[in-house]
A.B. asks: 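After the structure tokens below, expect a handful of questions from me.
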Amino acid sequence: MLNCKHASQLASQAMDEKLPFWKNSMLRMHLLLCRSCTNFTQQLVFLREASRRFRNNLDFQLTDEARQRIANALKDK
């Protein structure tokens with residue numbers, strides 16, 4: 001049985017590549033039993049779809065204020 005850390009890693013990996021049958025089966029079994037990991041996986045799917053839609057919107061432009069906030073936040077780190 002997978003622990004949640006390993007399950008979340010596999011869920012993330014599954015977003016990028018097809019998992020081998022046994023890893024996919026173990027992940028699916030864990031997701032049936034663990035609501036937290038199911039929520040995490042659903043959030044991954046949502047974020048992927050949102051980023052794809054966002055990327056396809058070529059009209060999007062950051063405001064100068066937003067760019068400055070991002071630049072300041074990056075400097076602080």
Side-chain angles (χ1 to χ4, degrees):
M1 181 74 174
L2 295 178
N3 62 28
C4 291
K5 182 177 180 179
H6 194 199
S8 64
Q9 290 170 343
L10 284 177
S12 181
Q13 183 181 353
M15 298 294 289
D16 298 326
E17 63 190 55
K18 183 175 170 124
L19 295 177
F21 176 77
W22 67 274
K23 283 186 178 182
N24 191 48
S25 298
M26 290 175 59
L27 175 60
R28 295 288 163 222
M29 181 67 74
H30 183 87
L31 293 176
L32 285 172
L33 301 172
C34 181
R35 187 69 187 148
S36 296
C37 289
T38 299
N39 288 339
F40 174 76
T41 302
Q42 289 171 347
Q43 290 169 355
L44 284 177
V45 171
F46 172 81
L47 289 172
R48 181 179 206 170
E49 281 301 310
S51 67
R52 283 184 176 166
R53 288 182 194 163
F54 189 69
R55 182 178 42 202
N56 291 335
N57 184 358
L58 300 177
D59 295 334
F60 175 78
Q61 294 276 330
L62 281 177
T63 63
D64 290 334
E65 180 184 339
R67 285 184 188 163
Q68 190 60 46
R69 281 196 318 264
I70 292 169
N72 290 341
L74 291 173
K75 280 186 212 173
D76 292 343
K77 290 190 177 204

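Positions are given from 1, in the same order as the sequence printed here.
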A.B. asks: With rounding to the nearest 0.5 Å, note down the distance linking CD in Glu65 to CD1 in Ile70.
C.D. replies: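 It is 11.0 Å, given to the nearest 0.5 Å.
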A.B. asks: Check the side chains of Gln68 and Asp64 for a donor-acceptor pair under 3.5 angstrom, ignoring hydrogens and angles.
C.D. replies: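 Looking only at side-chain atoms, Gln68 and Asp64 do not form any donor-acceptor pair under 3.5 Å.
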A.B. asks: Through direct or indirect side-chain contacts below 4.5 angstrom among Ile, Leu, Val, Met, Phe, Trp and Tyr, which residues connect to Phe40?
C.D. replies: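 Noted: Phe40 shares its cluster with Met15, Leu44, Val45.
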A.B. asks: If I take atom CD from residue Glu49 and atom OG from residue Ser51, how far apart are they, to the nearest 0.5 angstrom?
C.D. replies: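 The CD atom of Glu49 sits 8.0 Å away from the OG atom of Ser51.
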A.B. asks: Roughly how far, to the nearest 0.5 Å, is CD of Gln9 from CG of Asn3?
C.D. replies: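 Rounded to the nearest 0.5 Å, the CG-CD separation comes out at 8.0 Å.
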A.B. asks: Do Ser36 and Cys4 come close enough that some side-chain heavy atom pair is under 4.5 Å?
C.D. replies: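 No - every pair of side-chain heavy atoms lies 4.5 Å or more apart.
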A.B. asks: Atom CG in Leu2, atom CG in Leu10: separation rounded to 0.5 Å?
C.D. replies: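 Going from the CG atom of Leu2 to the CG atom of Leu10 covers 6.0 Å.
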A.B. asks: How many angstroms lie between atom NE2 of His30 and atom NE2 of His6, to the nearest 0.5 angstrom?
C.D. replies: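 It comes to 10.5 Å.
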A.B. asks: Taking Leu32 as the starting point, is it possible to reach Trp22 by hopping between hydrophobic residues whose side chains are less than 4.5 Å apart?
C.D. replies: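 In one cluster: no.
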A.B. asks: Donor-acceptor check, side chain of Thr38 to backbone of Cys34, threshold 3.5 angstrom: yes or no?
C.D. replies: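 Indeed, once roles are kept as given, a pair shorter than 3.5 Å links the two residues.
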A.B. asks: Drop me the distance from Leu27's CG to Thr41's OG1, to the nearest 0.5 angstrom.
C.D. replies: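 Output value for this atom pair is 6.0 Å.
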